[in-house]
Amino acid sequence: MVASRLAQLYGSSLTLLNDLYQLTMAFAYWKSGMADREAVFHLFFRRPPFQGGFTLAGGLAPALEYLEQFRFDSSDLDYLAGLQGNDGLRLFEDEFLQHLSQLKLTCDIDAIPEGTVVYPHEPLVRVRGPLLQCQLLETPLLNIINFQSLVATRAARICLAARGEPVIEFGTRRAQGIDGGVSASRAAYLGGCAATSNVLAGKLFGIPVRGTHAHSWVMAFENELEAFRSYARALPNNCIFLVDTYDSIRGVERAIEVGRELRRQGHEMIGIRLDSGDLADLSIQARKLLDEVGFEEAVIVASNNLDEHIIASLKDQGARIGVWGVGTRLATASEQPALGGVYKMSAIRSPAGQWQYKIKLSEQAIKVNIPGILQVRRFQREGRFLADAIFDEELNIPPGCTIVDPFDSTRRKTIPAGTEHADLLEPVVRAGERSGQLASLPECRARVRTQLQGLDPGVKRFLNPAEYPVGLEMKLYEMKKDLVLEARRRQEKHRLHPATPVTVRQGES
């Protein structure tokens, strides 16, 4: 069972994986009679990670596993009953906790499939349903999707740098906790890594597991040759020797000696691993030594704080590395440990039943949200992506459309009618129940390869990547502009004519 993975990992309810303010807002919605008003929220991010030209959508399957188990159990409710406000009195009323005890998600959720290339301000997830329920999903959805999208993107960049050579994720020991390690392993595999060292992730997700040995193995013996021979006796079918404990080139020579002994016994040495020093020069020397004595098929694995930039540099230097072990900078996303995704309301039904589109203003233009019930349409020609249009489903989108940069109205692009296209958000939950069959993790990995092939090479550059065209469809752009102007007029009117302050009388809550 899919849901059993989370149960195996944690063994208890995860419904309180949330911020307190989500629950206090839920209580206030319930208290105000607004809990069941229909609302629409979108999960998106504002800037691409790693100063790159693309991002991969990740984490959808684990997010849906979480939603399938969304129930407040008795221990959750007991804990909430004990929370106090700053006056020492209970924070939540019994009637509200009773409401939570019977709560079953009834939202509709649409999402961009895992492994799809996505861009800033495009909704990765759209949640539509009762306001209270939508609010409670903000923190867990962001927690799961932000991190896995981030690591999947880093993995894809590293795999691009490796130019088709296998990348193994080695980051569990440096990851942020148990779930940080497991989630990173899954996301790295989604992004293109060939295997992981994390055995639990292998068990949970069916990811191939790989491993060599550590320096401690060599140091536990009197000399390096004895260590290699003992390892070969124990695991003749898994011999990749770590050769840099004392002297890398001498280590390669000793690995060759044991490799010959293995061959005489009917086994084959898989290769060697370099973990320090000048990896380019050492790999060139090692490759020469291995080839000269008939070990042309033995691979050279490299590790040691690698990332896409270092791998690209090593490739440019002619390194003869065939497999890349990447740990810390992949599993922790290193210099950018958070995607920065957000979850914003964009519409709510009025008591009369009409949609009211909502906009958040800010002194920072990038933080002004896009109102509406949004969808993303991707245009392409002969397998190459041309542009993305964000549009409102209520306004629809004409056959030939113009998209406008949401922050620079002079930047526009017109897509001719008849251009091949696909809408990216797909239904995954209807009335709280799973809708259709999600792609498997291997299928999502295959999608990543296809998606990256659809990008112009300039978009995939690590340094100053080309900007992929994404914009608001013209009708949505105009609607957003009108809502911003109206909101600013109301703000100015309130500043000049402030309303009477609301007071709470003693005894009211």
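The model shown is predicted, which means the values in this text are computed figures rather than measured ones.
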Gap separating the CD atom of Gln437 from the CD atom of Glu443, nearest 0.5 angstrom: 8.5 Å
Have Tyr357 and Asp392 got a donor and an acceptor in their side chains that come within less than 3.5 Å? yes
Are Ser346 and Ile373 close enough that some pair of their side-chain heavy atoms sits under 4.5 Å apart? no
When you measure from the side chain of Glu93 to the backbone of Glu95, do you find a donor-acceptor pair of N or O atoms at a distance under 3.5 Å? no
Ring centroids only, cut at 6.0 angstrom: are Tyr119 and Tyr468 within range, meaning strictly under it? yes
Can you say whether the rings of Trp30 and Phe96 are parallel (under 30°), tilted (30 to 60°) or perpendicular (over 60°)? tilted
Judged by atom type as modelled, is there a donor-acceptor pair below 3.5 Å linking the side chain of Ser362 to the main-chain atoms of Ala365? no
Heavy atoms of Asp76 and Ser13 approach each other most closely as OD2-OG, 2.8 Å
Where do Leu395 and Met479 come nearest, in terms of heavy atoms and distance? CD1-SD, 4.0 Å
Give the intermediate values and the outcome of side-chain contact (heavy atoms from CB on, under 4.5 Å) for residues Phe54 and Lys460. CA-CA 7 Å; Phe54 68 89; Lys460 294 180 279 190; 4.3 Å; yes
Can you see which heavy atom on Leu137 is nearest to which on Cys107, and at what distance? CD1-SG, 4.4 Å
Taking atom CZ of Arg381 as the centre, report whether more than 12 heavy atoms of other residues, nucleotides or ligands fall under 6.0 Å from it. no
Would you say Gln451 and Arg378 are linked by a side-chain donor-acceptor pair, where the criterion is simply a distance under 3.5 Å? yes
Does the Tyr343 side chain pair with the main chain of Cys134, one donor and one acceptor, at a distance under 3.5 Å? yes
Could you check if a side-chain atom of Arg154 sits within less than 4.5 angstrom of a side-chain atom of Pro49, using non-hydrogen atoms only? no
Rounded to the nearest 0.5 Å, what's the gap from CD on Gln375 to CD on Glu473? Could you check? 13.0 Å
Test Val209 against Thr196 for side-chain contact (heavy atoms from CB on, under 4.5 Å), laying out the working first. CA-CA 5 Å; Val209 292; Thr196 179; 4.1 Å; yes
Is the shortest heavy-atom distance from the side chain of Asp73 to the side chain of Thr15 under 4.5 Å? no
May I have the step-by-step check of salt bridge (charged side-chain N to carboxylate O under 4.0 Å, His left out) for Asp110 and Arg430, ending in yes or no? CA-CA 9 Å; Asp110 296 78; Arg430 285 294 177 267; 2.9 Å; yes
Show the nearest heavy-atom pair for residues Ser101 and Leu77, with the distance to one decimal. CB-CD1, 3.4 Å
Are Lys475 and Glu478 close enough, and set up right, to give a salt bridge (charged side-chain N to carboxylate O under 4.0 Å, His left out), and what steps lead you there? CA-CA 5 Å; Lys475 287 183 290 186; Glu478 293 292 343; over 6 Å; no
Glu394 atom CD, neighbour heavy-atom count above 12 within 6.0 Å: yes
His421 side chain near Gln380 side chain, heavy-atom distance below 4.5 Å: no
Less than 4.5 Å apart, side chain to side chain, heavy atoms only: is that true for Leu339 and Thr153? no
Would one find more than 12 heavy atoms of other residues, nucleotides or ligands at under 6.0 Å from atom CD1 of Ile178? no
side-chain contact (heavy atoms from CB on, under 4.5 Å) between Leu64 and Arg434, worked out: CA-CA 8 Å; Leu64 294 182; Arg434 208 55 103 79; 3.7 Å; yes
Taking every non-hydrogen atom, the tightest pair across Gly58 and Ser149: N-OG, 2.9 Å
Take Glu308 and Arg329 through the salt bridge (charged side-chain N to carboxylate O under 4.0 Å, His left out) test and state the conclusion after the steps. CA-CA 9 Å; Glu308 63 267 42; Arg329 297 185 181 183; over 6 Å; no
Salt bridge (charged side-chain N to carboxylate O under 4.0 Å, His left out) with Glu433: which residues, sequence neighbours excluded? Lys104
So CG of Leu83 and CG of Leu20: to nearest 0.5 Å the spacing works out to 6.5 Å
Give a yes or no on whether Lys413 atom NZ has more than 12 heavy-atom contacts from other residues, nucleotides or ligands under 6.0 Å away. no
To the nearest 0.5 Å, what is the distance between CG (Leu17) and CD (Gln22)? 11.0 Å
Heavy atoms of Val118 and Phe45 approach each other most closely as CG2-CE2, 3.9 Å
Separation of Phe72 CZ from Asp78 CG (nearest 0.5 Å): 13.0 Å
Leu361 and Val484, any side-chain heavy atoms less than 4.5 Å apart: yes
Side-chain heavy atoms of Leu91 within contact of Gln84, under 4.5 Å: no
Let's go through Leu190 and Gln148 carefully: what are the C-alpha distance in whole Å and the side-chain angles of both, what is the deciding distance for side-chain contact (heavy atoms from CB on, under 4.5 Å) to 0.1 Å, and is it a yes or a no? CA-CA 9 Å; Leu190 167 67; Gln148 295 216 19; 5.6 Å; no
Please confirm whether the backbone N or O of Thr172 pairs with a side-chain atom of Asn198, one donor and one acceptor, at under 3.5 Å? no
Leu89 backbone acceptor or donor facing Asp87 side chain under 3.5 Å: yes
Heavy-atom count check: over 12 atoms from other residues, nucleotides or ligands less than 6.0 Å from Asn86 CG? no
Are any non-hydrogen side-chain atoms of Phe70 and Leu136 less than 4.5 angstrom apart? yes
Mark yes when over 12 heavy atoms from residues, nucleotides or ligands other than Arg174 sit less than 6.0 Å from its CZ; otherwise mark no. no
Neighbour count >12 (heavy atoms, 6.0 Å) for atom CZ, Arg47: no
Interatomic spacing from CD1 in Ile415 to CD1 in Ile403 - rounded to 0.5 Å: 4.5 Å
Does CZ in Arg173 sit with more than 12 non-hydrogen atoms of other residues, nucleotides or ligands closer than 6.0 Å? no
Can a salt bridge be assigned to the pair Arg128 and Glu393 using a cut-off of 4.0 Å between side-chain N and carboxylate O? no
When you measure from the side chain of His42 to the backbone of Leu374, do you find a donor-acceptor pair of N or O atoms at a distance under 3.5 Å? yes
